[in-house]
Amino acid sequence: MADANEQFGAALRRMDRHDLNRLTIHAYTRVQRRMIDEERVRRRRAVEEEVAEEAAGAISFTTAALLDLINTMAILRMNRGRDGNSTTNQIEGNFSGNNSGENQFSEPAAPVTPNAQPPVKKKKPCKKNKKAIKKSYLFPEYHHLVAEEVEDIVFKSSTADGTRYDETNLVGSLRCSSCGNRWTTGIVATAIRGYEQQNGQLGYSAEVFNQRCAKCDSLGHLTLDVDTYVERVARRLLIWKGEFSPKRQIDRKFTPPQHRTDLCEGCAVDRCPKGRPARSAFDSHFGLYN
Ligand SMILES: [Zn+2]
Ligand SMILES: [Zn+2]
């Protein structure tokens, strides 16, 4: 009898949840009825737990582990994507790129002008994606990608203060405009601004700050990782629109990479989350806020 009940129990556990709920309870012995009840309760709890877990953001794409992975993947991708063997700058946890390949990222290539003063005028997007070396950039060319993630937004070519403001860090690889030194970082300071529009749309801009070479202090050519740009800008806009609520991340052991504030153009104008001690290093690094 014990054996039969064991088999019965095993069959219950294998049974589809809906079939289990449809069983005609009075057709079974008392022991079996109890087993059916217990199995039903167990399944219900499992479902509730799953829902609770989801609500807690366990599978949300903002989880710390996933963000960590995204950053790491982006950095690896960037290093793989660029040809080069001259990776000598070791700030901010970069990896050395050692194989050549097609550069899959649109680089704001520009004539190399050592120690040139960056132009004061705001850059204009132009064909071929060429950008002069500047202290900060806007990327209207990626607006269509952000707009795939967030409805009713419009890109504004502005770095003036709006009605909303926040900062994040992006992933980028840089090449010194003067000495050719290369480095990759997950701490590209970025200021995201929101501008309320008359028509109910949300205007926004994302100002991405350049960095300086640790060897010669010249500004770098910035190649931005587009995926992290789109993901983080979209997330901020969704939060502002009330369509996304970030969950506080669980504390976890994390050693943030070093950030050279003296080389960061975001820090230079107090727009870099890494430049402020108020936020935790973890939040700053991953661009998480609460
Ligand atoms: Zn340099
Ligand atoms: Zn900075």
Side-chain angles (χ1 to χ4, degrees), residues 67-68 70-71 74-75 78-79 82-97 103 107-119 131-139 159 161 165-193 205-225 228-229 232-233 236 254-289:
L67 273 172
D68 196 0
I70 289 166
N71 262 14
I75 289 172
M78 297 204 85
N79 279 322
R82 81 178 188 217
D83 55 331
N85 42 22
S86 58
T87 307
T88 48
N89 189 334
Q90 291 297 322
I91 60 161
E92 299 174 358
N94 53 338
F95 305 83
S96 42
N103 192 333
E107 179 153 3
V112 175
T113 44
N115 300 318
Q117 287 299 319
K131 289 176 190 290
I133 302 170
K134 301 199 306 176
K135 290 182 178 178
S136 70
Y137 301 96
L138 298 177
F139 291 91
T159 54
D161 283 339
Y165 178 82
D166 225 315
E167 289 160 4
T168 191
N169 286 301
L170 301 180
V171 175
S173 70
L174 295 100
R175 180 169 49 84
C176 176
S177 59
S178 185
C179 75
N181 183 29
R182 289 169 183 270
W183 66 102
T184 300
T185 173
I187 310 176
V188 178
T190 302
I192 307 175
R193 296 179 174 88
S205 72
E207 185 181 15
V208 180
F209 290 93
N210 203 349
Q211 296 186 352
R212 288 180 182 273
C213 174
K215 284 183 172 175
C216 74
D217 207 43
S218 299
L219 285 166
H221 290 284
L222 171 66
T223 302
L224 195 62
D225 178 63
T228 43
Y229 173 92
R232 284 166 206 182
V233 172
R236 180 50 42 192
F254 175 75
T255 314
Q258 248 187 312
H259 183 53
R260 288 280 304 270
T261 57
D262 57 324
L263 304 174
C264 170
E265 287 299 329
C267 285
V269 293
D270 197 30
R271 295 291 187 190
C272 177
K274 290 295 285 184
R276 299 207 191 85
R279 284 181 185 145
S280 80
F282 178 77
D283 281 3
S284 300
H285 177 69
F286 287 118
L288 298 179
Y289 324 92

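Just so it is clear, the model here is predicted, and its values are computed rather than measured. What's counted below: heavy atoms across the whole structure, side chains too, no hydrogens, waters or symmetry copies. Counting starts at 1 for both ligands and their atoms, following the listed order.
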Quiz item: For A206, does its backbone N or O pair with a side-chain atom of Y229 as donor and acceptor, under 3.5 Å?
Solution: no
Quiz item: To the nearest 10°, what's the angle at the Zn ion (ligand 1) between atoms SG (C176) and SG (C216)?
Solution: 100°
Exercise. Verify, without hydrogens or angle tests, whether E265 (side chain) and A189 (backbone) share a donor-acceptor contact under 3.5 angstrom.
Key: no
Self-check item: Residues R271, E207: salt bridge by 4.0 Å N-O rule
Solution: no
Practice problem: Give every protein N, O or S atom lying under 2.8 Å from the Zn ion (ligand 2), naming each by residue and atom. | Solution: H259 NE2, C264 SG, C267 SG, C272 SG
Practice problem: Nearest 0.5 Å please: distance from the SG atom of C213 over to the CG atom of N181. | Solution: 4.0 Å
Quiz item: Measuring from L174:CG to L222:CG, what's the distance to the nearest 0.5 Å?
Solution: 5.0 Å
Practice problem: Answer whether the closest heavy-atom distance between the side chains of N169 and T190 falls below 4.5 Å. | Solution: no
Quiz prompt | Three-point angle C179:SG, the Zn ion (ligand 1), C213:SG, rounded to the nearest 10° | solution = 100°
Quiz item: What closest approach, in Å, do I192 and R232 show between heavy atoms, and which atom pair accounts for it?
Solution: CD1-O, 4.2 Å
